Each structure stands twice: as C-alpha cells, then as structure tokens.
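Since the model is a prediction, treat every value here as computed from it, not as a measurement. Every chain is numbered from 1 and lettered A, B, ... according to where its sequence line falls, protein lines coming before strand lines.
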2 protein chains.
Amino acid sequence: MILSKSCEYAIRAVVYVAAKTVKEERVGIIEIAEAIGSPVAFTGKILQTLTRKKVLASSKGPNGGFYIIDPASVYLIDIVRAMDGNEIFTACVIGLTTCSAERPCPMHHQMKPIRDQLRIDFSNRSVYEMVQAFEENNYFLK
Amino acid sequence: MILSKSCEYAIRAVVYVAAKTVKEERVGIIEIAEAIGSPVAFTGKILQTLTRKKVLASSKGPNGGFYIIDPASVYLIDIVRAMDGNEIFTACVIGLTTCSAERPCPMHHQMKPIRDQLRIDFSNRSVYEMVQAFEENNYFLK
DNA sequence: AGAATAAAAGATATATTTGTCTTCTATTAA
DNA sequence: TTAATAGAAGACAAATATATCTTTTATTCT
C-alpha cells in the first residue's frame with residue numbers, strides 16, 4: 001500500500017470537494033463521506049487535518065462546509081505530504097535509515113527512478129485536473 | 001512506505017542468509033537479527049514465515065540454522081509476495097476496490113506504469129544478484 | 001437574543017502491525 | 001540416551017492506524 005488509508009480518503013475527499021467548489025457550492029462532512037464511501041467521523045478528522053494544513057478551507061454554521069480556494073494551485077503531492085509526509089518519496093525501500101546515493105543499499109539504484117516518477121506524477125497533477133478528468137470520464141470516487 | 005516493515009526485514013534477512021549460504025554456512029536467528037539490525041524475536045517470526053513459504057529453508061539443533069536452496073532462483077518479488085502479498089502491484093492508489101483499466105479512477109493511468117515498473121524490478125532481481133551487489137560494493141544491511 | 005446548523009476539538013474504542021516471552025519439538029553430539 | 005542447541009509455535013504486550021462518540025465553538029437565520 002503506497003499511501004495510508006487516511007491519505008487515500010483525503011485525495012478522494014479533496015477531489016469531491018473541489019468538484020463542488022467549481023460549481024460554487026460548499027459541502028458538508030456527511031455528504032463527502034457518502035460520496036467517497038468512507039466513515040463519517042473519520043472523514044471529519046481527515047478534513048480537519050486538510051483544513052489545518054491549508055489544503056482545504058471550511059466555514060461553520062448554516063450554508064457552511066468545505067471548499068477549496070484554488071483547485072488549480074493545489075497538487076496531489078500537497079495532499080500526500082499533508083497526510084503521509086514526504087517519506088514515501090525518500091525512504092529506503094528496505095528500511096535503511098542511512099541509505100543514500102553515496103552509501104546505497106542493494107536496491108537503491110533500482111528504486112530511485114520509481115520514487116522520482118511517483119513524486120513527479122503527484123507533483124504534476126493538480127486537483128483541478130483531477131476534477132476535469134473526474135467529470136469528463138465519468139470517473140468515480142468510491 | 002511501499003513495503004511493510006516485516007517485508008523490509010525479510011528482504012534484508014534473506015540477502016544475509018544467502019550471503020552465508022554461498023559460503024556454505026548456515027546462520028541462526030540471533031546473528032541474522034544482529035546483522036540486519038532488527039529485533040531478534042520478531043525476526044524469528046519473519047524467518048518462520050519465509051521458511052513456511054519456501055523462500056528459505058531451516059534445520060534445527062546444533063549446526064542448524066537458516067539457508068537458501070538456490071539463491072539464483074529466488075527473486076525479490078517472491079519475498080514481497082510472501083510477506084505483503086500481491087496487492088502493492090495491483091491495488092488502486094486511492095483505495096478504490098473496483099478500479100480497473102475499464103473503469104479507472106482519476107489516477108489510474110498515471111499509476112499503472114509505476115506499479116508495473118515496481119513489479120518488473122522486483123521480478124528481475126534475484127537474491128543471488130543481491131548478494132553479488134552486496135559483496136562487490138560494500139553494501140550494508142542495517 | 002435564541003434556535004439551528006456545521007465544523008473543531010478532545011476523549012475513547014477497535015483493529016492491525018510490530019515486538020516479546022515462554023514452551024515445545026527436532027536434531028546433534030558426547 | 002542424555003544434554004545442549006536451535007528453530008517452531010503460541011500466548012501476550014506495545015505501538016500505531018483506523019474509527020467513533022461527545023462536547024465545544026463559530027456562524028447563520030429567524
């Protein structure tokens with residue numbers, strides 16, 4: 001499992017929120033959880049984290065809910081870093097803390113391009129593009 | 001984290017055992033754990049799993065210990081599958097169970113080549129090659 | 001101002017992964 | 001054939017990730 005379950009939920013939630021935002025709508029925890037097939041309370045916690053980390057924004061009270069300031073300037077890597085940190089792009093595949101280009105583990109040279117590609121793909125994909133793909137191709141989130 | 005901690009330990013342990021096997025030696029749990037920097041009892045459990053799955057072989061009693069039948073015919077993917085299963089090569093990156101080429105999630109087409117490359121790298125790398133790299137380049141396992 | 005709405009925050013609960021400890025079984029060698 | 005060695009197996013413990021529940025705070029609408 002490349003990403004934690006929390007991070008998987010997070011990406012799906014952000015894409016759903018952004019799809020609403022582009023229609024000028026805010027959306028609540030319950031609807032989000034229903035849309036992405038995740039437990040409501042746990043999803044609330046994740047949305048809280050994303051809001052604290054400025055990936056999403058929220059407002060309380062009637063007509064409140066979650067939204068995203070600028071879907072085109074938030075990239076998947078921002079969500080991944082908010083939830084799981086940067087380690088998946090840097091950590092040694094066999095768990096050696098001191099593994100590096102200078103002192104590589106036996107798998108280092110095989111793994112580097114894979115991790116780099118992962119970072120590149122997450123860095124290049126904006127939430128806005130995800131929403132577009134989502135709407136154009138009848139993609140789904142649960 | 002691409003691989004579980006158990007799987008990381010497993011790969012390091014198998015490489016260490018194989019390095020001993022090519023010198024016609026068997027090696028015990030305590031020495032293995034010391035060599036790869038892992039907790040002894042937990043390492044015992046992992047070695048047990050690897051033996052049950054035929055990745056390693058073992059014998060009890062004095063002069064007993066772990067060894068590997070044919071390092072050249074065991075590939076990293078065998079260790080990964082023994083410990084973590086096949087999911088890391090197939091599971092949807094955002095956690096959708098029904099994600100497939102026909103009904104892809106918004107990240108499917110980006111992730112496929114990465115997962116394929118991961119599988120290819122693990123499939124092409126034999127334990128014997130790992131040992132060679134390990135010995136030739138002063139690689140390390142902890 | 002008061003009631004309703006909705007997220008934030010904190011305390012708990014459950015499940016999984018990681019790690020430990022004790023006993024059992026097989027093997028070897030004296 | 002007995003003592004020592006070493007893995008196998010099972011019970012238990014700790015840490016982390018996932019999930020739930022309750023209370024608080026902010027906002028809106030009447």
In whole Å, I'd like the distance from the [atom1] atom of [X] to the [atom2] atom of [N].
X: A:Arg52; N: D:dT25; atom1: CZ; atom2: P; answer: 17 Å
X: B:Ile46; N: C:dG19; atom1: CD1; atom2: P; answer: 8 Å
X: B:Lys5; N: C:dT20; atom1: NZ; atom2: C1'; answer: 15 Å
X: A:Asp84; N: D:dA17; atom1: CG; atom2: P; answer: 9 Å
X: B:Leu50; N: D:dA9; atom1: CG; atom2: C1'; answer: 16 Å
X: A:Lys53; N: C:dA8; atom1: NZ; atom2: P; answer: 15 Å
X: A:Ile30; N: C:dA8; atom1: CD1; atom2: P; answer: 14 Å
X: B:Ile32; N: D:dA8; atom1: CD1; atom2: P; answer: 10 Å

Sidechain-backbone polar pair: [X] side chain, [Y] backbone, donor-acceptor under 3.5 Å:
X: A:Ser38; Y: A:Glu34; result: no
X: B:Lys20; Y: B:Tyr67; result: no
X: B:Gln117; Y: B:Ile114; result: no
X: A:Asp84; Y: A:Ser4; result: yes

Q | A:Gln110 and A:Val93: CA distance, side-chain angles, deciding distance, side-chain contact (heavy atoms from CB on, under 4.5 Å) verdict | A | CA-CA 10 Å; A:Gln110 280 72 31; A:Val93 74; over 6 Å; no
On the six-membered ring of [Y], is [X] placed so that its NZ or CZ lies under 6.0 angstrom from the centre and within 45° of the ring axis?
X: B:Arg26; Y: B:Phe66; answer: no
X: B:Arg115; Y: B:Phe89; answer: no
X: B:Arg125; Y: B:Tyr75; answer: no

**Q.** Smallest separation among heavy atoms of A:Gly37 and A:Arg12, with atom names
**A.**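 So the minimum-distance heavy-atom pair works out to O-NH2, 4.0 Å.
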Q) How far apart are the closest heavy atoms of B:Ile29 and B:Val40, and which atoms are they? A)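 Smallest interatomic distance, heavy atoms only, reads CG2-O, 3.6 Å.
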(Q) Just to be sure I understand the rule, does A:Ile29 reach a base, reach only the sugar-phosphate, or reach nothing, if contact means heavy atoms closer than 4.0 Å? (A)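 Sugar-phosphate contact only.
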Identify which nucleotide among [options] has an atom closest to any side-chain atom of [X], counting heavy atoms from C-beta outward.
X: A:Ser58; options: D:dA9, C:dA7, C:dA11; answer: C:dA7
X: B:Phe66; options: C:dG19, C:dA7, D:dA8; answer: D:dA8
X: A:Lys45; options: C:dG19, D:dT20, C:dT18; answer: D:dT20

Q. Does a salt bridge link A:Asp78 with A:Arg81, judged by any charged N lying under 4.0 Å from a carboxylate O?
A. no
Q: Check the surroundings of atom CD1 in A:Ile120: do more than 12 heavy atoms from other residues, nucleotides or ligands lie under 6.0 Å from it?
A: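 Yes - once you tally the heavy atoms of other residues, nucleotides and ligands closer than 6.0 Å, there are more than 12.
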Q.
Check this one for me: any side-chain N or O of B:Ser6 less than 4.0 Å away from OP1 or OP2 of C:dT18?
A. yes
Q | N/O (side chain, A:Gln48) to phosphate O (OP1/OP2, C:dA7) under 4.0 Å | A | no
Q.
Using heavy-atom distances to pick each residue's nearest nucleotide on DNA chain D, tell me which of A:Phe42 and B:Gly44 is more 5'.
A.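 Nearest nucleotide further toward 5': that of B:Gly44.
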Give me the distances for all protein-to-nucleotides 13-16 of chain C N/O pairs that come in under 3.5 Å?
none

Q.
At a heavy-atom distance below 4.0 Å, what parts of residues 7-16 of chain A sit against DNA chain C?
A. none
Polar atom pairs between nucleotides 27-29 of chain C and protein, under 3.5 Å, N or O only, would you list them?
{"residue": "C:dA29", "atom": "OP1", "partner": "B:Asn63", "partner atom": "ND2", "Å": "3.1"}

